[in-house]
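Here is the structure we will look at, set down as structure tokens.
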Amino acid sequence: MVGMDLEAITKHSALHAKPNGLILQYGTAGFRTKAVHLDHVMFRMGLLAVLRSKQTQSTIGVMVTASHNPEEDNGVKLVDPLGEMLAPSWEEHATCLANAEEQDVQSVLLDISKKAAVDLQRDAYVVIGRDTRPSSEKLAHSVIDGITVLGGQFHDYGLLTTPQLHYMVYCRNTSGQYGKATIDGYYQKLSAAFAELTKQAPRSGDGFRSLKVDCANGIGALKLGEMERYLSQGLSLQLFNVGTEGRLNHLCGADFVKSYQKPPQGMEMKSNERCCSFDGDADRIVYYYYDADGHFHLIDGDKIAALISSFLKELLLEIGENLNIGVVQTAYANGSSTRFLEEVMKVPVYCTKTGVKHLHHKAQEFDVGVYFEANGHGTVLFSKAAEMKIKQLAKESKDEKRKAAKMLENIIDLFNQAAGDAISDMLVIEAILALKGLTVQQWDALYTDLPNRQLKVKVADRQVISTTDAERQAVTPPGLQEAINNLVKKYKLSRAFVRPSGTEDIVRVYAEADSQESADSLAHEVSLAVFQLAGGVGERPAPC
Ligand code: G16
């Protein structure tokens, strides 16, 4: 077949043979499993990226990472032309190709090309990034093998945070309009916007605001280290868990801090100091502090969304252009945050399924779409029309209106509009706190979280659980939702739901209630129901 050297594909595919019987699915954020099982998936995603590139006539990204998962896992996801996650129909192609038996790889490739009307004669260009996992470099080479055997061209960026790769793809496909597709271009764009934005901020003490960052022993340490010299003024960072000793995401990082609601190991914290954690590939961020009485306070993605949307709403009112703003959350959003946004802030709130791809999609419906998962994964999207209006006002209007428009203009540049980005979100948050003169405690006091608990349950096959209503109701197995409803009735201000994870081989349980004791007890009882009704394996879930 013209455009495909079938013999070469067969030969190279055999060098990346699929383990017998292994079935994987393109999940919440691509394929994720133990790194030792992923060689064939990487090779095949190299092939698929070439087809997607030919079809869209654009540069496609391939990121090798398992983000928040343990160090021995790895994963891969494809990045679409405007830096967004791969289109759902291509997720299906990815799953088919990843699971094809060796002798069927060629025919599946041809089938995808036919279904997706790929013109095989076209050129293809793919960019690759990887995180710091020990397995990532070799797996990235398998991706490259897949790209080259299909005649694609590529650029390997090497070590990058996931959002940096999304940024590169976006820049390349907008001919540099979004920014320069280099690591230097990324740092320059963000640091210039940060400097402009914080120019107006009252200086604190020595002129530096300081922040402690737990880098999860991952790529964030390397990239923040590189970026520090661009942030010559206004922010002083102290990095912890930089990967020289501990293991990636182990007892540290945003996922650990959010899930266990405690500080990471390896970080020295004094009371009232502002601290934050990135996850393994630096696409999530959560903040926290100890109060004077030694109590730990977590400021998660919901409160980040609250801070950002109240700041943006104020600026939008000042420019008075009727641009609409919406906030997108998932079922994990704390009930208090949704109430605060709707009742106090008076902004419309929407709930989607877990996975930033769903939130991103919904956020695109607004002039200003704020989306954050409670776990700290999110960003803000500005429609092209809103961006143009703001730019025009920043040039042509006067006084306060002009000042507000200029701030919005810089905020647009500071957010990574391709994907949730811990570095960019951190700079936005630090800028807002500085401009508003807010302490971490004042930010925290926007509302009080309902006590909540998240647990994981191991079952034989997590796909026996299916859900509806943005994952808030279980449809199967029979009886599970009734059991949850009956348990929820026992507690005040309570809510609970379960869903299969799309990144780990577990079922996630979430519960909230009027006290921590009740939230813990409800989460435990729901875990037992999952264990009994959805085929739990191993030890029965223990009380929290
Ligand atoms: C990924 C996704 C997030 C999602 C998280 C957990 O995060 O990008 O949107 O919330 O997985 O998903 P699940 O509950 O399905 O396991 P990351 O930071 O690991 O890429």
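Residues: numbered from 1 along the sequence shown. Order of appearance sets the numbers: ligands from 1, and atoms from 1 within every ligand.
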Report summary line: atom 7 (O) of ligand 1 sits nearest the protein heavy atom Arg284 NH2, 3.3 Å
Query - Cation-pi geometry met for Lys303 and Phe340 (6.0 Å, 45°) - result: no
Query raised in the report: Nearest protein heavy-atom contact for atom 19 (O) of ligand 1: which residue, which atom, what distance?
Result: His68 ND1, 2.4 Å
Query - Within the 6.0 Å centroid threshold, strictly below: Phe154 and Tyr125 - result: no
Report task. May I ask you to list the atoms of ligand 1 that are less than 4.0 angstrom from any heavy atom of Gly502? Result -> 13 (P), 15 (O), 16 (O)
Query raised in the report: Does Arg495 pair with Glu512 as a salt bridge, N-O distance under 4.0 Å?
Result: yes
Requested in this report: Return yes or no for this condition: an N or O of Asn375 is under 3.5 Å from an N or O of ligand 1.
Outcome: yes
Query raised in the report: Can you tell if the side chain of Gln516 reaches within under 4.5 Å of the side chain of Arg453, non-hydrogen atoms only?
Result: yes
Query raised in the report: Within the structure, does Thr354 bring an N/O atom to less than 3.5 angstrom of an N/O atom in ligand 1?
Result: no
Query raised in the report: Less than 4.0 Å between a side-chain N and a carboxylate O, is that true for Glu373 and Arg284?
Result: no
Query raised in the report: Is Glu504 in polar range of ligand 1, meaning some N or O pair under 3.5 Å apart?
Result: no
Requested in this report: Return the set of residues passing side chain to side chain donor-acceptor pair (under 3.5 Å) with Lys456 (not counting sequence neighbours), or none when no residue passes.
Outcome: Glu504
Query raised in the report: Does the N or O separation between Arg499 and ligand 1 drop below 3.5 Å for any pair?
Result: yes
Requested in this report: Look at atom NE2 of His297 and say whether more than 12 heavy atoms of other residues, nucleotides or ligands are closer to it than 6.0 Å.
Outcome: yes
Requested in this report: Could you pull out, from His358, Glu373, Arg508, the option with a heavy atom nearest to atom 10 (O) of ligand 1?
Outcome: Glu373
Requested in this report: Write out the residue and atom name of the closest protein heavy atom to atom 8 (O) of ligand 1, then the distance separating them to 0.1 Å.
Outcome: His377 CE1, 3.2 Å
Report summary line: among protein heavy atoms, the one nearest atom 11 (O) of ligand 1 is Thr503 CG2, 3.4 Å
Query raised in the report: Do Pro500 and ligand 1 have an N or O pair less than 3.5 Å apart?
Result: no
Report task. Determine, for Asp73 against Arg133, whether the closest basic-nitrogen to carboxylate-oxygen distance falls under 4.0 angstrom. Result -> no
Report task. Could you tell me whether some N/O pair between Ser67 and ligand 1 is separated by less than 3.5 angstrom? Result -> yes
Query raised in the report: Hey, looking at atom 15 (O) of ligand 1, which of Val356, Leu359, Thr28, Asp73 has the closest heavy atom?
Result: Thr28
